[in-house]
**Student:** 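Okay, handing you the structure first.
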Protein chains: 2
Amino acid sequence: MPPLTLEDVAKVAGVSVSTASRVLSGTANVRPAKRDAVMRAAEQLGYRPNAIARGLASGRSMLIGVLTQDIASPFYGETLRGVEDGLEGSGYSGIFASGHWRVESEASAIHSLTGRSVDGLIVLGGHTPDARLREINTHLPVVAVGRQVKGLEDRCLRIDNVRGGYDCARHLLELGHRRIAYVAGPRDHRDARDRLEGHRRALREWGIEDDPALTLEGDFHEPAGLLAVEALLARGAVFSAVIVANDQMAYGVRLGLYRRGIRVPDDVSLVGFDDLAGSAFTTPPLTTVRQPTYEMGMAAAEALLAILNGASPALPLFEAQLLIRESTAPARSARPGLPARPELRPGERS
Amino acid sequence: MPPLTLEDVAKVAGVSVSTASRVLSGTANVRPAKRDAVMRAAEQLGYRPNAIARGLASGRSMLIGVLTQDIASPFYGETLRGVEDGLEGSGYSGIFASGHWRVESEASAIHSLTGRSVDGLIVLGGHTPDARLREINTHLPVVAVGRQVKGLEDRCLRIDNVRGGYDCARHLLELGHRRIAYVAGPRDHRDARDRLEGHRRALREWGIEDDPALTLEGDFHEPAGLLAVEALLARGAVFSAVIVANDQMAYGVRLGLYRRGIRVPDDVSLVGFDDLAGSAFTTPPLTTVRQPTYEMGMAAAEALLAILNGASPALPLFEAQLLIRESTAPARSARPGLPARPELRPGERS
DNA sequence: TTGTACGCGTTATCAA
DNA sequence: TTGATAACGCGTACAA
């Protein structure tokens, strides 16, 4: 069975290929009688238009390129799902490529995407220079999620990470915590820097001086959290709470504390960031900042579709939300009915 | 800047388009001098072949369709990454579509994939009938991961789930557990059925009769695990260990036990299946069965590439491996130095 | 080894 | 409203 072409359909319907094309692509008006004939012929033959030929002729591939950083990322996964759902029914398909947070790798990913003549590009985080994105945007509409691109501010979907970082610290400060350890994300990661900035702002407002011994840096993956706890204890740090720049590292911190017999939240409170799928099911459920990642992915897709239709959509604003679960509790000294006692020291068991 | 065509390159290089084509697609031999001229012209102009036109002319889209069930699945995510890496450098790109474990949804996903004239199809799980996959395979090479397709056995990559289920039970039985609760996956899910079968086989071998009161069914997501614990306790079940058909539900079980003050592994041992990224960082780290999901994805991609090159690759065998971590311990009665005591009853605190 | 010319399946243009 | 015909950019017989 050789693949069917428009010509076959046209022949059966008794019309010209152009008419058949018009009917099947809904481009122009066709007399109902012929219209029906074409539809019936297509149906009966099981005709399926060839997207490639269509792309060549029309100049539109009907593909949306999605530059993600890691196809298996628990964080961006929800965003990808949002993009997928946002594209649903539009005739466009998403095509993904991973940049792994490396500029060259991202470049080659973009390369492979544009090589397929995608009609638009959705960028999920990454380190590709703003200038490069602006340049791409001159001939290909670009929408970015999770990053701020100078010159493309109205094409960026993000949350206020400074605010998120601030909220985490504030929550703990209000619970009476004063010695708060902070496990930051990579220094070259904008979100990580913003969260740390918000954290420090809160400390300042509460008149607490920033203790370098309480701040560490990790790579956003689980083992970094484990290591952070070890480093903290090794340097004899005293703390009643730990804020971690993302949930994945918070999982590591949780395990590190567990290994040392430090209870959460009884001995130490723990706060994460992202609200990954598993964070509601850790023991105890993790207090964290939820990002509307799915919604952002969906909004990105819809915005791009609107742009492709000639509109200039106003991108909605997204708010991060602190979810207070069970990994945070009032600081010991702040708890009524309990004698104030010195905070936990390394090696000490509860 | 109008997009460059082969014609532009050919003009600059002083050769015909066909020669330029031959050089850039490596199809035939070209005199070194001309070859270099073409390469230089392409380089200098920044020429990028148009994949769409190429696809139309050659009949190959250089796209590999990947039917996944959920683009954000923590389980298949690693497989997708494997596919991506396996395709790397081959000139083929993966294009994903999600079926959400619903036959009609999978059908439309396959539809959108074939509509883009993918050159091959990788199927990740799902409920699409075997017959349909066989039919597709007649005109499009198909490789399946995580399922057994009748008639396409040599195109399937999977692990022995019966064996995996057996190993879990055996591990606990050897630790002295006799009353083992089992939270199964969806009945219509082949992997789930296999794991349960392996479980029951082990029980039989140990001469333990299957207690229906100890078996529950979930949907493979976290909340189901939580519910399972509640149901178990509500019906007054007595058990010293729980085996859960996948890690996601095991997380739910873990939380359910935590909520009831039941310690893991002190009071109850817990075993999962899949070894998700987070499972090494739960508290305690989860004993589970690791599936080489990344490797399977990679192997699937490589196998498909081989088939496209006319080979008939022998698919490697994959083994699941029980990872004994800290969520399992000898049954109380089996522990030396501890008096045997009745197993935990609902409502009882440790 | 190289160039000419045609075809891939569809949409777009232009007359009719 | 319709049909013939020319693109779309590239691969590839075929001839030279």
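Atoms considered below: every heavy atom in the structure, side chains included; atoms not considered: hydrogens, waters and symmetry mates. The shown structure was predicted, so the numbers you read here are calculated from the model rather than taken from an experiment. Throughout, a chain's letter reflects where its sequence line sits, starting with A, and its residues are numbered from 1.
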**Student:** Measure from the side-chain heavy atoms of A:Ala57 and tell me the nearest of C:dT10, C:dT1, D:dC10.
**Tutor:**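 The listed nucleotide nearest to A:Ala57's side chain is C:dT10.
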**Student:** For C:dG3, does either OP1 or OP2 sit under 4.0 Å from a side-chain N or O belonging to B:Ser16?
**Tutor:** yes
**Student:** With a sphere of 6.0 Å drawn around NE2 of B:His111, does it hold more than 12 non-hydrogen atoms of other residues, nucleotides or ligands?
**Tutor:** no
**Student:** Measure the distance from CG on A:Asn50 to P on C:dT10 and round it to the nearest whole Å.
**Tutor:**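 Value for this atom pair: 6 Å.
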**Student:** With a 4.0 Å cut-off on heavy atoms, is B:Thr19 in touch with a base, just the backbone sugar-phosphate, or nothing at all?
**Tutor:** sugar-phosphate
**Student:** Between C:dG7 atom P and A:Glu7 atom CD, what is the distance in whole Å?
**Tutor:** 12 Å
**Student:** Taking OP1 and OP2 of C:dT11, is either one under 4.0 Å from a side-chain nitrogen or oxygen of A:Arg54?
**Tutor:** yes
**Student:** Which is true for B:Ser21 with a 4.0 Å heavy-atom rule: it touches a base, it touches only sugar-phosphate, or it touches nothing?
**Tutor:** base
**Student:** Starting at atom CZ of B:Arg35, determine the distance to atom P of C:dT2, rounded to an integer number of angstrom.
**Tutor:** 12 Å
**Student:** Identify whether the distance between the nearest side-chain nitrogen and carboxylate oxygen of B:Arg81 and B:Glu78 falls below 4.0 Å.
**Tutor:** yes
**Student:** Just checking B:Glu88: does its CD atom have more than 12 heavy atoms from other residues, nucleotides or ligands closer to it than 6.0 angstrom?
**Tutor:**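 Not buried by this count: 12 neighbours or fewer within 6.0 Å.
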**Student:** Identify which nucleotide among C:dG9, C:dT11, D:dC10 has an atom closest to any side-chain atom of A:Ser25, counting heavy atoms from C-beta outward.
**Tutor:**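 Selected nucleotide (nearest to the side chain): C:dT11.
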**Student:** Hey, does B:Leu56 reach any base, or is it just sugar-phosphate, or nothing, if we go heavy atoms under 4.0 Å?
**Tutor:** base
**Student:** Please report, rounded to the nearest Å, how far the P atom of C:dC8 is from the CE atom of B:Met62.
**Tutor:** 21 Å
**Student:** Quick check for you: among D:dC10, C:dG3, D:dT12, whose closest atom lies nearest to any side-chain atom of B:Lys34?
**Tutor:**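 In terms of side-chain proximity for B:Lys34, the closest of D:dC10, C:dG3, D:dT12 is C:dG3.
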**Student:** Please tell me which of A:Leu6 and B:Ala28 maps to the more 5' nucleotide of DNA chain C, matching each residue to the nucleotide holding its nearest heavy atom.
**Tutor:**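 Result of the comparison: B:Ala28.
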**Student:** Could you tell me if the side chain of A:Leu63 sits less than 4.5 Å from the side chain of A:Tyr92, heavy atoms only?
**Tutor:** no
**Student:** Nearest-Å distance, CZ (A:Arg60) to P (C:dG9)?
**Tutor:**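 It works out to 21 Å between those atoms.
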**Student:** Counting only side-chain N and O atoms of B:Tyr47, is one of them less than 4.0 Å from OP1 or OP2 of D:dG9?
**Tutor:**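 It does not, given that no N or O in the side chain of B:Tyr47 lies less than 4.0 Å from OP1 or OP2 of D:dG9.
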**Student:** If the cut-off is 4.0 Å, is B:Arg22 near the phosphate of D:dG11, judged by side-chain N/O to OP1 or OP2?
**Tutor:** no
**Student:** Could you tell me how far apart B:Ile52 (CD1) and D:dG11 (P) are, to the nearest whole angstrom?
**Tutor:**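 Atom CD1 in B:Ile52 sits about 14 Å away from atom P in D:dG11.
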**Student:** Could you check whether the side chain of A:Ser18 and the base of D:dA4 have a donor-acceptor pair of N or O atoms closer than 3.5 Å, going by distance alone?
**Tutor:** yes
**Student:** Charged N to carboxylate O under 4.0 angstrom, A:Asp130 versus A:Arg147?
**Tutor:**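 Yes, A:Asp130 and A:Arg147 are salt-bridged.
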